[in-house]
There are 2 protein chains.
Amino acid sequence: MARQTRERILGTSLALFNARGEPNVSTNHIADELGISPGNLYYHFRSKDDIVEHLFARYETRLDEALLLPEGRVPDLEDIWLQLHLVFESLREYRFLYRDLVDILARNRKLKLRFARIMVRADASITALLRGLAGAGAIRASADEIRALVENILLIATFWMNFDAVRGGKTHADEVDLNRGIHQVMMLVAPFLRDAERHHLNALAATYLR
Amino acid sequence: MARQTRERILGTSLALFNARGEPNVSTNHIADELGISPGNLYYHFRSKDDIVEHLFARYETRLDEALLLPEGRVPDLEDIWLQLHLVFESLREYRFLYRDLVDILARNRKLKLRFARIMVRADASITALLRGLAGAGAIRASADEIRALVENILLIATFWMNFDAVRGGKTHADEVDLNRGIHQVMMLVAPFLRDAERHHLNALAATYLR
DNA sequence: GTCTATATAGGGATAGAC
DNA sequence: GTCTATCCCTATATAGAC
């Protein structure tokens, strides 16, 4: 049953981290929640950081899948909306990483490096997508504008959940409004769309937002 | 000398929080750094949270000053750039709050409320500014576009420093590139500017960015 | 694999002498 | 106002029995 316990530790850790924030969840809490002893937990993982690193690896895999673009054709607005949804959903599943991103990465050089590389891949992926759209004539933007746009998309995607949590309302964490985040990203792109696509986007936005 | 010690505690706390992150600085560290005893520190402040709250109050005052708009005329691009610079500089001075924003606000309801109100004021301030520009014909944007734009400006301003810290390079925190953040905010507005203003902005951007 | 017991370290915070 | 001494608690992590 080794595999099982290991798995349960990872699952429960993820759930607790997401609910209360990683810094506020001790290894004792995790063991308690599982009904196992702290000693047992440390039989399966060398340290709390070890658990975080394994969760990070899963997050990385999950996100890279979501970053894959449909091959062989220039995506349309629905494609993009869908992909954005997949990406945001991945972030939501591992939102504890984002909640305390700076602190977690500051304490662990390996993770900091890996996260930086993820950002580079995401940057490349978004850039390729926008260039494709520009090439197909769906958007009109200079190279400089695309560069700035990509960076702002990345930033908004990375910190949307924190912004939503901090902004107001929301007594309980966990209920993040991903759709509004996706909408905000789309609004970043909207000004560069041709009129036809811009109207299409507004129709889409009205459908998804509420 | 009571006043003096109190002041020194606040100053040193701010410096240490900014440098290492508030969760990584204990009251003992602060006392050590000052060459005073932990007991003395607790004579001046009830708790670590008490220190954070006092720093927060200063941050709030500082930011509200920076949010004041020049009265009586519609601001031009240079006015905006300057104001953005003042705001970003305020955030940088109290960047520890932003580094662990979600965690700090989750642990302290008073601060969470106050921060939410600050966001409301900032939102109103940016909205008024953009409406003024639209009224003067400098930008062209619908009410919906302005709403989305304001939210994205707020988000980017709030999390620019974290994004910059997490993105790559930056072995040592503290060196935040505010100019690039300001540039990213301006790029958000650029697509809505009339041609004349857009070119003006590009010239400004080239000057300030490097 | 899992437990109990424990080592070790550090945090926040207070009491009471000076 | 300031210090020393200390309390209490919780966190990570390990040793060794079962």
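Predicted model only: the values in this text are computed from it and were never measured. Order of the sequence lines sets the chain letters (A, B, ...), proteins ahead of strands, with each chain counted from 1.
- Between the side chains of A/Asn108 and A/Asp49, at least one donor-acceptor pair of N or O atoms lies under 3.5 Å.
- The CG atom of B/Asn40 sits 16 Å away from the P atom of C/dA15 (whole-angstrom rounding).
- One can place CG of B/Asp32 at 16 Å from P of D/dT2, the figure rounded to the nearest angstrom.
- Contacts between residues 52-59 of chain A and DNA chain C, defined by a heavy-atom separation below 4.0 Å, involve no residue at all.
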Q: Any chance you could list the contact pattern along nucleotides 5-15 of chain D? Use B for base contacts, S for sugar-phosphate-only contacts and - for none, protein heavy atoms under 4.0 Å, 5' to 3'.
A: ------SBBB-
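- Ring pair B/Phe56/B/Tyr59 is perpendicular by interplanar angle, where above 60° counts as perpendicular and below 30° as parallel.
- Taking atom CD on A/Gln4 and atom C1' on C/dT2, their separation rounds to 14 Å, with Å as the unit.
- Of the charged side-chain nitrogens involved, none lies within less than 4.0 Å of a carboxylate oxygen, so that A/Arg131 and A/Glu145 do not count as a salt-bridged pair.
- A/Asp164 has no carboxylate O lying under 4.0 Å from a charged side-chain N of A/Arg95, or vice versa, which leaves the two without a salt bridge.
- Paired with B/Glu60 under the rule salt bridge (charged side-chain N to carboxylate O under 4.0 Å, His left out), one option of B/Lys110, B/Arg117, B/Arg114 passes, and it is B/Arg114.
- A side-chain donor-acceptor contact under 3.5 Å links A/Asn18 to the backbone of A/Glu93.
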Q: List the steps, then state whether side chain to side chain contact (heavy atoms under 4.5 Å, CB included) holds for B/Tyr94 with B/Phe17.
A: CA-CA 9 Å; B/Tyr94 294 88; B/Phe17 289 168; over 6 Å; no
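- A straight line from NE2 of B/His44 to C1' of C/dT14 spans 16 Å, rounded to a whole angstrom.
- The distance from atom CD1 of B/Ile30 to atom P of C/dA13 is 11 Å, rounded to the nearest whole Å.
- Taking atom CZ on B/Arg3 and atom P on D/dT2, their separation rounds to 13 Å, with Å as the unit.
- As rounded to whole Å, 14 Å separates atom C1' of C/dA13 from atom CD1 of B/Ile36.
- Of the possible donor and acceptor atoms, one in the side chain of B/His29 sits under 3.5 Å from a partner among the backbone N and O of B/Ser26.
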